[in-house]
Amino acid sequence: MENIPYKIYLTEDELPKAWYNLRSAMKTKPAPLLNPGTHEAMSAADLAPVFCDELIAQELDNDTPYFEIPQEIYDFYKMYRPSPLVRAYCLEKAMDTPAHIYYKFEGNNTSGSHKLNSAIAQAYYAKKQGLKGVTTETGAGQWGTALSMACSYFQLDCKVYMVKVSYEQKPFRREVMRVYGASVTPSPSDTTNVGRKILEAHPGTTGSLGCAISEAVEVAVSNPGYRYVLGSVLNQVLLHQSIIGLETEAALKKYDIVPDVIIGCAGGGSNLGGLIAPFMRDKILGKLNARIIAVEPASCPSFTRGVYAYDFCDTGMVCPLAKMYTLGSNFIPAPNHAGGLRYHGMSPVLSQLYDDGLMEAVSVPQTEVFKAAEAFARVEGILPAPESSHAIKVAMDEAAKCRETGEAKNIVFGLTGTGYFDLVAYEKFHNGLMDDYIPTDEELQASFDSLPKF
Ligand SMILES: *Cc1c(COP(=O)(O)O)cnc(C)c1O
């Protein structure tokens with residue numbers, strides 16, 4: 001047997017010193033954000049009231065390959081990075097597969113997921129600009145938790161609009177956010193114009209991400225010294241998350257491992273976009289022949305059943321339009337326990353790569369995902385987040401195919417977080433109460449009808 005250790009660690013000196021901008025390698029660049037009023041491409045000046053200046057520069061830059069990681073961010077990364085790349089020897093043995101399975105585990109920090117990688121960067125640039133604070137939305141709370149940690153590190157105020165159903169049903173992450181000093185408001189709320197409008201039109205609504213975004217943006221643009229920050233979808237977030245892929249690449253190189261299949265779950269696309277960044281570059285350059293697979297829930301299938309079109313990023317239609325694979329901004333997915341995968345759209349970078357045929361996508365039903373999660377937990381010793389378990393499910397499917405063909409493929413997947421705050425979901429699974437609702441074509445069509453037409 002080869003002498004590959006269970007965990008391939010990088011030393012502190014081997015931590016990547018710059019983020020990699022995958023857009024610089026793309027032959028067809030992602031489509032620009034458009035002004036929802038004029039349908040012109042958003043300029044830096046258009047975006048300045050909403051976003052931090054340096055983040056806007058990163059957002060609009062399709063050409064610069066590397067962005068040096070500022071020392072303050074690097075120092076913070078060193079507290080919890082590099083994250084381990086684990087060889088899943090125990091899972092391979094349990095499955096009796098010749099495949100070599102590796103996973104990059106991002107759950108080793110208090111916020112419990114990869115989202116901290118971008119939260120700390122965004123908080124840093126807000127602080128550097130001399131701002132008082134930032135606003136954001138959160139669904140199940142992973143992003144809000146990460147951002148509240150990052151803001152407390154840089155002593156910034158943090159106002160989080162949390163989807164009401166999660167605020168009420170998931171008190172744990174809400175309280176972690178408050179530990180770190182964030183103010184958390186259930187959305188829709190009566191603290192904003194857009195929130196009051198939504199409450200009037202839909203009394204008793206339990207909220208949605210799109211609606212919480214609209215509230216957070218309104219608060220940012222109407223309070224001096226505040227800007228809005230977002231935890232996924234945007235180009236800048238994928239840039240920060242490239243740290244995942246760069247570390248994975250460096251760790252694999254230590255043992256001359258070449259990936260054959262790279263798999264990640266896709267909500268807004270940030271962890272997957274980060275994980276694949278250097279590998280997709282090599283694929284575009286013809287140096288790597290790996291399959292790259294996005295995994296999404298069957299209840300919210302943006303890639304596999306969505307359309308590639310300009311759409312609103314939020315329900316209130318105040319944000320710029322983005323060209324992406326989307327289910328329509330009115331789409332409200334059936335209750336699904338992978339809260340981080342319930343967004344209606346997908347990163348414009350990944351959308352373009354998918355449209356160019358450079359990556360694949362599959363959707364998986366919820367109960368299958370939890371079966372895979374439990375099989376993984378029992379042998380690998382990590383309780384995975386439901387979102388991450390979408391990648392586990394497809395990695396296990398690929399490893400099972402290798403058992404049939406006898407191929408020793410190198411399968412690499414992103415394990416984005418832990419599931420300690422998702423035990424109600426595991427409880428539903430154990431009690432046979434999990435819902436596997438899949439939207440009908442008619443339901444999707446109704447939502448496509450709301451796409452902006454121009
Ligand atoms: C938010 C989240 C995701 C999905 O977000 P992406 O932007 O698609 O990466 C996946 N896993 C976990 C644990 C999350 O918190």
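Just the heavy atoms: all of them, side chains too, but no hydrogens, waters or symmetry mates, feed the values below. Note that ligands are numbered from 1 as they come in the structure, with each ligand's atoms numbered from 1 the same way.
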Can you sort out which atoms of ligand 1 are near [X], meaning under 4.0 Å from one of its heavy atoms?
X    : answer
S113 : 13 (C), 15 (O)
Q142 : 15 (O)
L341 : 4 (C)

Handout entry: Inter-residue atom distance H390.NE2 - T416.OG1, 0.5 Å rounding
Key = 10.5 Å
For [atom], find the nearest protein heavy atom and state the residue, atom name and distance (0.1 Å precision).
atom                    : value
atom 8 (O) of ligand 1  : G267 N, 2.7 Å
atom 13 (C) of ligand 1 : T416 OG1, 3.3 Å
atom 4 (C) of ligand 1  : G340 O, 3.3 Å
atom 7 (O) of ligand 1  : S232 OG, 2.5 Å

Problem - Test: K170 cationic atom under 6.0 Å from F421 six-membered ring centre, within 45° of axis - result: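 Relative to the ring axis of F421, which defines the angle, K170 lies outside at least one limit.
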Problem - Minimum-distance pair of heavy atoms, taken over all atoms of E215 and P188 - result: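 Heavy atoms of E215 and P188 come nearest at OE1-CA, 3.2 Å.
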Practice task
Check L156 against A126 and note the closest heavy-atom contact, atom names and distance.
Solution key: CD1-CB, 3.9 Å
Problem - Sidechain-backbone polar pair: K115 side chain, G231 backbone, donor-acceptor under 3.5 Å - result: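 Not confirmed, K115 side chain does not pair with G231 backbone.
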Handout entry: A266, portion touching ligand 1 at heavy-atom distance under 4.0 Å
Key = backbone
Practice task
Measure V233 to ligand 1 on non-hydrogen atoms and call it side chain, backbone, both or neither using the 4.0 Å cut-off.
Solution key: neither
Handout entry: All salt bridge (Lys or Arg N to Asp or Glu O under 4.0 Å) counterparts of D61, not counting sequence neighbours
Key = none
Problem - Charged N-O contact under 4.0 Å between K401 and D397 - result: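 Salt bridge flag = no for D397 with K401.
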Exercise for the section: Kindly identify the option in H114, K115, E387 whose heavy atom sits closest to atom 2 (C) of ligand 1. Expected result: K115
